[in-house]
Amino acid sequence: MGELRPLGQDLTKESRALAEVLRELFEGLGVSVRRYAARRQRDPGTFSRYLNGTRLPPWSAIMDMMTDLAEHRGTTVTPETIEYVRGLYESAFDANSSPKHAAQIIEQQLADADHVSRRSSVRGDVLGDALLDRKHRIADLEVRLNQMEATLTAERERAGQLAAAHPEVSELLGERDVLRQEVARLGSELQEAREQRAAAEARCDLLERQLEAVEHPAPLPQPQPQPQPQPKILVVDDQPDNLLAMTAVLETLDQELVTVSSGRDALKALLHHDDFAVIIMDVQMPGMDGYETAAHIKRRPRNRDVPIIFLTAMGIDPEHTARGYAAGAVDYISKPFDPWALRAKVAVFTEIHLERRLSNPVG
């Protein structure tokens, strides 16, 4: 990760122009990719893709680089420089935003979920075989112990004590105890593998619905004589620009948006409002971050079933996704978010919410 990777193949001219400027800024810092990524607590592989144009970075990462370069040179970032780079950034973002690009994002997530499902399935098979083997071995030991007890019955004066004191019996009892401990451990691991596979399969089903929503968007709902109240979408982000951008993208879905700027405000909003179809939440927020906020939400019986989409600028990698799923998230989307992908995800969660509402009108 010390050297810059070559520019990516088949880049749009807008992505190439932005990547060339970012590479020029980065080279002025005089450090390796790995070292700078560590300095800014970013994944070096992801940061390298920012610089070769194959992944669009969040605007905050570009501002960090310009600020660091100015500090390195003992200057300040001029408004003209910021506006110039922002123009390149917005052009690259617009050029890469399309139903095709959104489908590519969701297809990659589908591939990742499928990989987890298959890996968990294989692990479950291995654990199941090991568990069955231990149970068979315990059964064999039980037979041997019963046979030995029958043989020793004529010799012992007190049924339990003399048999237990026999060296071979003691050895077999110890082996049986060890096997029983292994059975308990393997059973727990097998259950975990099955739960991981079930969760991955559920994500696959969800992502396939999202792909369908990207490729065949549903028509706008027609006015009804007695319209049902629209479900709400809760958007949580500490950056006003992000809230405005998501509002602009999601307001076309004709749903009620509730926007807040902190985890604590999100918890308050969930107390004061009902009927949320989905929560879109930034992971990196000051104070209570997205993980902690999600954990609080999932502990509340009233809100625990509301799906959470995590919005992250850190890149979607196994470590972050595992932590997010453990906290209660059901989906991810990277910053800068693709508007087509975000709309598709929210539209599917809204469909699922409405389906549940119809099947349980009282609840």
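Residue indices begin at 1 and follow the sequence shown.
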Considering residues at least two apart in sequence or located in another chain, which fulfil the salt bridge (Lys or Arg N to Asp or Glu O under 4.0 Å) criterion with Glu142? Arg176, Arg180

Sorted by chain and number, sequence neighbours left out, salt bridge (Lys or Arg N to Asp or Glu O under 4.0 Å) with Asp114 holds for Arg118

N-O pairing of Asp68 and Arg40 below 4.0 Å: yes

Above 12 or not: heavy atoms from other molecules or residues under 6.0 Å from CZ of Arg300? yes

Can a donor-acceptor pair be found between the side chains of Glu195 and Gln191 at a distance below 3.5 Å? yes

Considering only Ile, Leu, Val, Met, Phe, Trp and Tyr, and joining two whenever side-chain heavy atoms are under 4.5 Å apart, list the other residues clustered with Leu110. Ile106, Leu207, Leu211, Val214

Taking salt bridge (Lys or Arg N to Asp or Glu O under 4.0 Å) as the test, write out the residues that go with Arg185, two or more places apart. Glu189

For Asp265 and Lys268, run side chain to side chain contact (heavy atoms under 4.5 Å, CB included): C-alpha distance rounded to whole Å, both residues' side-chain angles, the deciding distance at 0.1 Å, then the answer. CA-CA 5 Å; Asp265 288 342; Lys268 292 178 183 177; 4.2 Å; yes

Only one of Ile309, Thr312, Leu311 passes side-chain contact (heavy atoms from CB on, under 4.5 Å) with Phe337, and that residue is Leu311

With a 4.0 Å cut-off on N to O distance, would you call Arg357 and Asp275 a salt bridge? yes

Which word best sums up how the rings of Tyr291 and Phe310 line up, parallel for under 30°, tilted for 30 to 60°, or perpendicular for over 60°? perpendicular

Distance only, no hydrogens: is a donor on one side chain within 3.5 Å (strictly under) of an acceptor on the other, for Arg299 and His296? yes

Ion pair Glu71/Arg39, N-O distance below 4.0 Å: no

Taking only residues two or more places apart in sequence or in another chain, which ones pass salt bridge (Lys or Arg N to Asp or Glu O under 4.0 Å) with Arg197? none

So do Thr247 and Val235 actually touch side chain to side chain, heavy atoms under 4.5 Å? no

List, by chain and number, the other hydrophobic cluster members for Val143, where Ile, Leu, Val, Met, Phe, Trp and Tyr join if side-chain heavy atoms come within less than 4.5 Å, directly or indirectly. none

Can you confirm whether Arg304 is buried at CZ, in the sense that more than 12 heavy atoms of other residues, nucleotides or ligands lie under 6.0 Å from that atom? yes

Within-4.5 Å side-chain heavy-atom neighbours: Asp64 and Tyr36: yes

On the six-membered ring of Tyr50, is Arg42 placed so that its NZ or CZ lies under 6.0 angstrom from the centre and within 45° of the ring axis? no

Taking the side chain as everything from C-beta on, heavy atoms only, tell me whether Trp340 gets closer than 4.5 Å to Ile105. no

salt_bridge(Arg137, Asp133) N-O dist < 4.0 Å: yes

